[in-house]
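Quick notes on the structure that follows.
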Amino acid sequence: MGRLSGQRLVVATHNAGKLREFAEMLSPLVKEVVSAGDLGLDEPEETGTTFEENAALKALAASVASGSPALADDSGLCVSALNGEPGVFSARWGGEQKDMMVAMRRVNELLGDNPDRSAHFVCALAVTWPNGKTEAVEGRVDGKIVWPPRGDNGYGYDPVFVPDGYDKTFAEMSADEKNKISHRKRAIEKLVIKLSS
């Protein structure tokens, strides 16, 4: 299995906040973390039907283009009563502008009076080496959809998602509170174990 120790890792993102989060959590494993954005790499089209497929597609594209191991994530919201939608199309539910208020409103309208408001966030992470070898993991956090949206922190569907065992939405939590229990944190923990073993 490919090790990351002492190597440069390319994170397939153009989001500075996401890069910082990954750099902090993976600091025990890697010497240098750079983003696909920093390297001027294009984002490939997400044609996968699962979070893991999309993460692997993005990681492979960044790894081949950079010649370094690359990490990519794909995440989204799955609502039980909507047959797991929006799922891999979570961002696209916001339309061309990726307006998450539009996306959240759509989820709420489709749920209507349905008493089943259960949902979960998924984060798939894939690390790919230039030779095509890939390691992938998935993290998940369960909760429920609330309306109206609450809180100004976070992003995406955070203002309408209350994780199980809490009475605050992700958007009402501090970054530290959310990061302790988030789907991304759980996926990164699994990845660190996998890459350290």
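All values reported here derive from a predicted model rather than from experimental measurement.
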With a 4.5 Å limit on heavy-atom distance, are the side chains of V64 and P130 in contact? no

Are there over 12 heavy-atom neighbours, none belonging to R92, within less than 6.0 Å of that residue's CZ? yes

Side-chain contact, heavy-atom cut-off 4.5 Å: E85 with C78? no

So that I can tick it off, tell me whether E138 and R140 are bridged by a salt bridge, with the cut-off set at under 4.0 angstrom between side-chain N and carboxylate O. no

Sequence neighbours excluded and cut-off under 3.5 Å, please list the side-chain donor-acceptor pairs for residues 42-52, or say none.
from	atom 1	to	atom 2	distance (Å)
E43	OE2	H14	ND1	3.4
E46	OE2	K58	NZ	3.2
T49	OG1	E53	OE1	3.2
T50	OG1	E53	N	3.0

From the list V33, V34, D73, side-chain contact (heavy atoms from CB on, under 4.5 Å) partner of V11 resolves to V33

With sequence neighbours left out, write down each residue that passes salt bridge (Lys or Arg N to Asp or Glu O under 4.0 Å) with R150, or none if nothing qualifies. E172

Does atom CG of N131 have more than 12 heavy-atom neighbours, drawn from other residues, nucleotides or ligands, at distances under 6.0 Å? yes

Closest approach of V79 and P86, non-hydrogen atoms and distance? CG2-CD, 4.2 Å

Please find the pair of heavy atoms, one from P163 and one from I181, that lie closest to each other, and give the distance. CG-CD1, 3.8 Å

Flag side-chain contact, heavy atom, 4.5 Å: N108 against V160: no

Residue pair T13 / S35, side-chain donor-acceptor N/O under 3.5 Å: no

Non-neighbouring partners of D116 that pass side chain to side chain contact (heavy atoms under 4.5 Å, CB included), sequence neighbours left out: S80, A81, N114, S118

Smallest separation among heavy atoms of C123 and A187, with atom names: O-CB, 3.6 Å

Report the residues that fulfil ring-ring contact (aromatic ring centres under 6.0 Å, His included) with F161, sequence neighbours left out, ordered by chain and then residue number. F121, F170

Partners meeting salt bridge (Lys or Arg N to Asp or Glu O under 4.0 Å) with E177 (sequence neighbours left out): K168

Any K194 side-chain heavy atom under 4.5 Å of K190 side chain: no

Are E189 and K185 within salt-bridge range, i.e. N to O under 4.0 Å? yes

T169 versus D158: any side-chain heavy-atom pair under 4.5 Å? no

Kindly state each residue pair satisfying side chain to side chain donor-acceptor pair (under 3.5 Å) with at least one member in residues 62-71, sequence neighbours excluded. R8-S68

With the side chain counted from C-beta on, respond yes when M173 and Y166 share a heavy-atom pair under 4.5 Å apart, and no when they do not. yes

Quick one: does E135's side chain get under 4.5 Å of W129's, heavy atoms only? yes

Is the shortest side-chain heavy-atom distance between Y157 and I145 below 4.5 Å? no

